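Ligands are counted one by one from 1 in listed order, and the atoms in each one are counted from 1 as well. Values below: all heavy atoms of this structure, side chains included; hydrogens, waters and symmetry mates excluded. None of these values were measured; they are calculated from a predicted model.
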Amino acid sequence: MLIIETLPLLRQHIRRLHQEGKRIALVPTMGNLHDGHMKLVDEAKTRADVVVVSIFVNPMQFDRPDDLVRYPRTLQDDCEKLNKRKVDFVFAPAPADIYPQGTEGQTYVDVPGLSTMLEGASRPGHFRGVSTIVSKLFNLVQPDIACFGEKDYQQLQLIRKMVADMGYDIEIVGVPTVRAKDGLALSSRNGYLTADERKIAPALSKVMNDIAEKLQASASDEEELIAIAAQEINDAGLRADDIQIRDADTLEALSAKSQRAVILMAAWLGQARLIDNKVVELAHQAG
Ligand SMILES: Nc1ncnc2c1ncn2[C@@H]1O[C@H](COP(=O)(O)OP(=O)(O)OP(=O)(O)O)[C@@H](O)[C@H]1O
Ligand SMILES: CC(C)(CO)[C@@H](O)C(=O)[O-]
Ligand code: BAL
């Protein structure tokens with residue numbers, strides 16, 4: 001496995017791989033790797049000849065400076081895990097190489113609508129930062145495919161739209177969420193939880209699964225389901241932040257045309273803002 005830190009060296013290898021006719025998969029990450037990331041790597045390996053994992057804590061997508069400062073950086077451990085997984089390349093650039101003039105004057109890619117709703121409303125500027133860095137990584141790595149987790153549902157939709165709108169010839173693969181045995185979605189930010197908080201964290205997915213069952217069973221009132229869910233989340237000791245039931249394809253409000261709903265959950269627990277989501281096939285006509 002080769003660890004590449006500079007853009008010229010990356011370009012040199014990418015040029016050679018293309019000349020050799022290799023199919024390249026990209027797995028973009030911010031590091032602090034867990035089994036969820038490894039699932040993306042495994043998926044990438046089955047679909048390409050060469051796997052490039054990028055590790056870059058992207059300053060442009062952090063709306064809170066304190067969140068950026070304390071984000072876990074564990075490059076050496078990450079590289080050991082990826083080496084064991086037989087990944088070919090790790091691309092781990094420095095912020096100064098990606099944003100030589102800083103992030104303020106950086107040319108950006110913005111996906112209208114999707115970037116400012118839901119998580120985008122809670123985290124201003126976040127999705128502009130995500131679409132800009134992913135676009136830049138696509139240009140640098142020139143992959144044939146790229147893998148993203150369904151855990152970040154809105155991010156996956158945003159990237160699919162960016163790829164369609166900008167004409168990238170890249171297949172986007174969505175990978176199902178990997179969970180701990182108790183149902184908690186794996187996430188780097190779970191590391192902020194104390195032992196006691198970790199015990200109550202699975203309430204997020206439990207409440208989400210309960211709403212999913214109710215939504216599937218009958219044409220339930222979404223507002224009422226959301227209010228009950230928020231109450232249950234708060235009773236469990238978390239702090240409900242944003243709970244939404246939306247059309248899974250457009251992320252707009254459910255309508256009579258909606259075939260699938262997505263339940264989007266965000267809650268605070270101590271220092272961590274946890275997110276989760278679940279897609280539900282609608283047997284009935286919603287709206
Ligand atoms: N539990 C998971 N299952 C599947 N994919 C995941 C999981 N957690 C993260 N991913 C995916 O891994 C990629 C990199 O995510 P990232 O490095 O931000 O990790 P993270 O655990 O989501 O961290 P954070 O706490 O910042 O949300 C994204 O495509 C993300 O959706
Ligand atoms: C896609 C991504 C690596 C871009 O920085 C990040 O948003 C993430 O880790 O999900
Ligand atoms: N996994 C999403 C990246 C972020 O929360 O910034």
Side-chain angles (χ1 to χ4, degrees), residues 25-44 52-68 70-75 78 81-82 90-93 95 98-99 103 108-109 111 115 118-120 122-138 140-141 143 145-160 162-163 170 172-193 201-202 204-205 241 264-266 268-269 271-278:
L26 171 66
V27 180
T29 80
M30 299 206 302
N32 196 233
L33 303 181
H34 50 65
D35 286 350
H37 298 111
M38 294 306 149
K39 183 88 182 296
L40 302 193
V41 168
D42 291 347
E43 193 61 47
V52 179
V53 176
S54 62
I55 299 181
F56 181 62
V57 181
N58 174 32
M60 200 177 163
Q61 73 186 71
F62 283 79
D63 54 307
R64 297 192 353 258
D66 59 314
D67 196 21
L68 173 61
R70 73 174 172 177
Y71 199 86
R73 290 155 172 90
T74 53
L75 186 61
D78 293 345
K81 285 182 187 159
L82 295 173
V90 172
F91 177 48
I98 295 292
Y99 302 117
T103 53
Y108 57 80
V109 178
V111 180
S115 69
L118 302 166
E119 283 291 285
S122 300
R123 301 174 67 185
H126 168 65
F127 282 121
R128 174 181 291 183
V130 170
S131 46
T132 300
I133 189 63
V134 171
S135 168
K136 192 151 184 171
L137 289 168
F138 283 177
L140 291 167
V141 176
I145 75 155
C147 298
F148 294 88
E150 287 175 0
K151 191 205 78 182
D152 297 282
Y153 190 87
Q154 187 176 354
Q155 170 171 284
L156 179 56
Q157 300 289 85
L158 176 104
I159 286 160
R160 287 193 194 285
M162 178 184 83
V163 164
I170 300 172
I172 302 302
V173 178
V175 178
T177 302
V178 177
R179 297 175 181 283
K181 281 202 179 70
D182 58 14
L184 178 66
L186 300 188
S187 168
S188 304
R189 288 191 177 87
N190 293 351
Y192 301 155
L193 300 174
L204 189 69
S205 60
D241 185 19
L264 298 157
M265 312 280 292
W268 283 98
L269 182 51
Q271 300 292 305
R273 185 171 179 275
L274 305 178
I275 60 167
D276 206 343
N277 69 80
K278 190 177 178 89

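- For ligand 1, the protein residues placed under 4.0 Å by at least one non-hydrogen atom are P28, T29, M30, H34, G36, H37, L40, Y71, F148, G149, K151, D152, Q155, P176, T177, V178, L186, S187, S188, R189.
- Closest heavy-atom contact between R179 and N277: NH2-O, 3.9 Å.
- In this structure, F56 and Y99 have tilted ring planes: the angle between them lies in the 30° to 60° band.
- Proximity of a side-chain donor or acceptor of S115 to a complementary backbone N or O of F127 within less than 3.5 Å is not detected.
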Ligand 2 N/O to protein N/O, distances under 3.5 Å:
| residue | atom | partner | partner atom | Å |
| --- | --- | --- | --- | --- |
| ligand 2 | 5 (O) | Q61 | OE1 | 2.6 |
| ligand 2 | 7 (O) | Q61 | NE2 | 3.0 |
| ligand 2 | 7 (O) | Q155 | OE1 | 2.7 |
| ligand 2 | 10 (O) | Q155 | OE1 | 3.3 |
| ligand 2 | 10 (O) | Q155 | NE2 | 2.8 |

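- When every heavy atom of R160 is checked against every heavy atom of I172, the shortest pair comes out as NH1-O, 3.0 Å.
- In this structure, the ring-ring contact (aromatic ring centres under 6.0 Å, His included) partners of H34, at least two apart in sequence or on a different chain, are H37.
- Contact detail for L186 and G36: the closest heavy-atom pair is CD1-N, 3.7 Å.
- Across all their heavy atoms, I170 and A146 have their closest contact at CG2-N, 3.9 Å.
- D78 places a side-chain N or O within 3.5 Å of a backbone atom of L33 that can act as its donor or acceptor partner.
- No side-chain heavy atom of V52 sits less than 4.5 Å from a side-chain heavy atom of P143.
- There is no side-chain donor-acceptor pair under 3.5 Å between Y71 and N58.
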Can you pull every nitrogen or oxygen pair between ligand 3 and the protein closer than 3.5 angstrom?
| residue | atom | partner | partner atom | Å |
| --- | --- | --- | --- | --- |
| ligand 3 | 1 (N) | D152 | OD1 | 3.2 |
| ligand 3 | 1 (N) | D152 | OD2 | 3.3 |
| ligand 3 | 5 (O) | R123 | NH1 | 3.0 |
| ligand 3 | 5 (O) | R123 | NH2 | 3.4 |
| ligand 3 | 5 (O) | R189 | NH1 | 2.7 |
| ligand 3 | 6 (O) | Q61 | NE2 | 3.0 |
| ligand 3 | 6 (O) | R123 | NH2 | 3.1 |

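- Although no hydrogens or angles enter the test, the distance criterion places no donor-acceptor pair under 3.5 Å between the side chain of K151 and the main chain of S187.
- Shown here is K136, whose NZ atom has more than 12 heavy atoms of other residues, nucleotides or ligands within 6.0 Å.
- Screening Q154, H126, R273, Q155 for a side-chain hydrogen bond (donor to acceptor under 3.5 Å, both in side chains) involving E119 leaves a single residue, R273.
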